[in-house]
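Down below is the structure, laid out as structure tokens.
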Amino acid sequence: MQIFFPNNIFSRLVVGSLPAALQASVVYQPSSLLTSKLNEAPDAAALIPTLDIIKNKDLYISKLFGLSFEGTLSNSYLYYASGKKEITSINLFGDVSSVEVILTKILFKELYDADIKVGILSDESKIKGNSVVITGDKNFEANLFATGISFAEEIADTFNMPFVNYVLAAKEKSLIEKLNTDLAGISGIIYDSIESNTIKEKLNEDTLIYLRENISSLIMNFDEQDIEAINQLLRLPYFHGLIDDIVEVNFV
């Protein structure tokens, strides 16, 4: 069995806390490719962007594990260009997925009643001077996150729910059942490793302090509010006219 994971600081914290046999099964992929890789391998599982479920309704989704954020800690941060009074477009940079593409547009509609244009930025040199949502580890280089606004916190505050960024998915129900058991209690293991400074990640001191101070807002073992948040996130594109039907999730 292969398990496809996004390659970011939070997913690596999970992988580093897995039993050796499971660690050996992990294959890192860009977030935009996780679901397609899963669909190509029926005996695999993947930690996919939550809104990928919209176009993959037959997948089985864990109701017990994923990556959910409830505070300032986030895998994406919003950076506003200085000197611009009106925002008409936002660029996305980094490990971009359907989550950032769809929710950025919805977020600005909710906050400012603005129909912004969302584009993908591939040239890092063009970040400066643009309003941009950066996703992934770039935020934690040179403490860039300290100048940005947590995307997770904006979603949580605007819609009054946790921001479930990634969910565990598979084409086979039995794989999710097995992984639900294997991943039970992993939140506590990760929290302990952060507190005791035994994580394998090489982080600068400021990022490590920030992570330690906010790690409790990263949820990996889900409860009912996370399940409800998944359902609510999947309804947002419907309510905003971006999709035609409400998605029913195959929770396991």
Side-chain angles (χ1 to χ4, degrees), residues 6-11 30-32 48-52 66-167 203-204 206-207 209-211 213-219 229-230 232-234 236-237 239-240 242:
N7 193 359
N8 59 58
I9 182 174
F10 306 107
S11 61
S31 288
S32 60
I48 67 171
T50 303
L51 294 186
D52 277 14
L67 292 182
S68 178
F69 297 91
E70 297 182 343
T72 61
L73 198 61
S74 182
N75 190 45
S76 299
Y77 289 81
L78 173 61
Y79 303 87
Y80 285 108
S82 60
K84 292 187 178 181
K85 295 181 180 180
E86 184 177 353
I87 304 296
T88 58
S89 66
I90 292 284
N91 288 301
L92 310 179
F93 179 82
D95 191 28
V96 178
S97 74
S98 60
V99 167
E100 294 78 35
V101 172
I102 295 172
L103 290 186
T104 298
K105 195 171 185 66
I106 290 174
L107 183 62
F108 273 77
K109 185 66 175 177
E110 290 282 340
L111 289 176
Y112 308 113
D113 196 27
D115 293 308
I116 63 165
K117 295 180 181 179
V118 176
I120 307 295
L121 193 64
S122 57
D123 186 350
E124 185 176 340
S125 67
K126 294 182 179 179
I127 290 176
K128 191 173 182 180
N130 284 290
S131 294
V132 60
V133 173
I134 297 178
T135 300
D137 289 352
K138 178 67 180 176
N139 291 294
F140 302 100
E141 294 177 10
N143 300 327
L144 185 63
F145 68 89
T147 65
I149 298 170
S150 167
F151 191 80
E153 189 171 35
E154 289 288 279
I155 294 294
D157 289 349
T158 302
F159 301 104
N160 194 30
M161 62 183 178
F163 172 43
V164 183
N165 203 157
Y166 292 91
V167 293
L203 303 172
N204 65 61
D206 288 339
T207 299
I209 290 171
Y210 178 66
L211 191 62
E213 289 176 347
N214 294 280
I215 192 63
S216 62
S217 68
L218 170 63
I219 307 301
I230 293 170
Q232 292 297 327
L233 280 172
L234 291 169
L236 287 176
F239 293 141
H240 282 262
L242 301 178

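No experiment lies behind these values; they were computed from the predicted model shown.
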task = Over 60° means perpendicular and under 30° means parallel, so classify the ring planes of Y80 and F108, tilted if in between.
result = perpendicular
key: Donor-acceptor under 3.5 Å (Y77 side chain, S74 main chain)   = yes
inquiry  = Looking at every heavy atom in both F159 and L107, which two are closest together, and how far apart are they?
reply    = CE1-CD1, 4.5 Å
Side chain to side chain contact (heavy atoms under 4.5 Å, CB included) between N91 and I120, intermediate numbers included = CA-CA 5 Å; N91 288 301; I120 307 295; over 6 Å; no
message = Can you give me the closest heavy-atom contact between E100 and S76, atom names plus distance?
response = OE2-OG, 3.6 Å
task = Report yes if some heavy atom in the side chain of I102 is under 4.5 Å from a heavy atom in the side chain of L242; otherwise report no.
result = yes
ask   = Does the side chain of L121 come within less than 4.5 Å of L92's, by heavy atoms?
value = no
query = Can you tell me how far CD1 of I106 sits from CZ of F239, rounded to the nearest 0.5 angstrom?
reply = 10.5 Å
key: Beyond-backbone contact of L203 with L211, side-chain heavy atoms, under 4.5 angstrom   = yes
task = Taking atom types as modelled, find out whether N8 and D137 have a side-chain donor-acceptor pair closer than 3.5 angstrom.
result = no
note = Rounded to the nearest 0.5 Å, the CZ atom of F93 sits from the CD atom of E124 at a distance of 4.5 Å
note = Rounded to the nearest 0.5 angstrom, the CG-NE2 distance for L103 and H240 is 9.5 Å
task = Could you walk me through whether L73 and Y210 pass the side chain to side chain contact (heavy atoms under 4.5 Å, CB included) test, one step at a time?
result = CA-CA 8 Å; L73 198 61; Y210 178 66; 3.7 Å; yes
query = Does P30 reach the side chain of D95, with side-chain heavy atoms less than 4.5 Å apart?
reply = yes
note = Rounded to the nearest 0.5 Å, the CG atom of N139 sits from the OG1 atom of T147 at a distance of 9.0 Å
message = Could you tell me if S97 and S31 have a donor-acceptor pair between their side chains, going purely by distance under 3.5 Å?
response = no
ask   = What's the verdict on ring pair (Phe, Tyr, Trp, His ring centres under 6.0 Å) for F10 and Y166, showing C-alpha distance, side-chain angles and the deciding distance?
value = CA-CA 11 Å; F10 306 107; Y166 292 91; 9.3 Å; no
ask   = Sub-3.5 Å donor-acceptor pair from the side chain of S11 to the main-chain atoms of P6, do we have one?
value = yes
task = State which residues pass salt bridge (charged side-chain N to carboxylate O under 4.0 Å, His left out) with K105; sequence neighbours excluded, sorted by chain then number.
result = none
query = Short question: side chain of S217, backbone of N214 - any donor-acceptor pair under 3.5 Å?
reply = yes
ask   = In Å, rounded to the nearest 0.5 Å, how long is the span from NZ of K109 to OG1 of T158?
value = 14.5 Å
task = State, yes or no, whether a side-chain contact exists between F163 and T50 at a heavy-atom distance under 4.5 Å.
result = no
message = Using modelled atom types and a 3.5 Å cut-off, is there a donor and acceptor pairing between side-chain atoms of T104 and backbone atoms of V101?
response = no
task = Look only at the side chain of S68 and the backbone of P162, and say whether a donor-acceptor pair between them is shorter than 3.5 Å.
result = no
inquiry  = So I9 and F140, do their side chains get closer than 4.5 Å, heavy atoms only?
reply    = yes
key: Check: S89 side chain, V118 main-chain N or O, donor-acceptor pair, under 3.5 Å   = no
task = Please check if any side-chain donor atom of S98 sits under 3.5 Å from a side-chain acceptor atom of D52, or the reverse.
result = yes
remark   = Those residues at least two apart in sequence (or on a different chain) that pass salt bridge (charged side-chain N to carboxylate O under 4.0 Å, His left out) with E213 are none
key: Flag, side chain of D157 to backbone of E154, donor-acceptor distance under 3.5 Å   = no
Rounded distance [0.5 Å steps], CZ in F69 versus OG in S150 = 8.5 Å
query = Do you know the tightest heavy-atom contact between V133 and F151?
reply = CG1-CD1, 4.2 Å
request  = Check the surroundings of atom CG in N160: do more than 12 heavy atoms from other residues, nucleotides or ligands lie under 6.0 Å from it?
outcome  = no
query = Of I134, I90, V132, which meets side-chain contact (heavy atoms from CB on, under 4.5 Å) against L78?
reply = I90
message = Any heavy-atom pair between the side chains of N165 and V99 that's under 4.5 Å?
response = yes
ask   = Do L233 and V164 come within less than 4.5 Å of each other through their side chains, counting heavy atoms only?
value = yes
task = Kindly say whether K126 contributes a backbone atom to a donor-acceptor pair with the side chain of N130 at under 3.5 angstrom?
result = yes
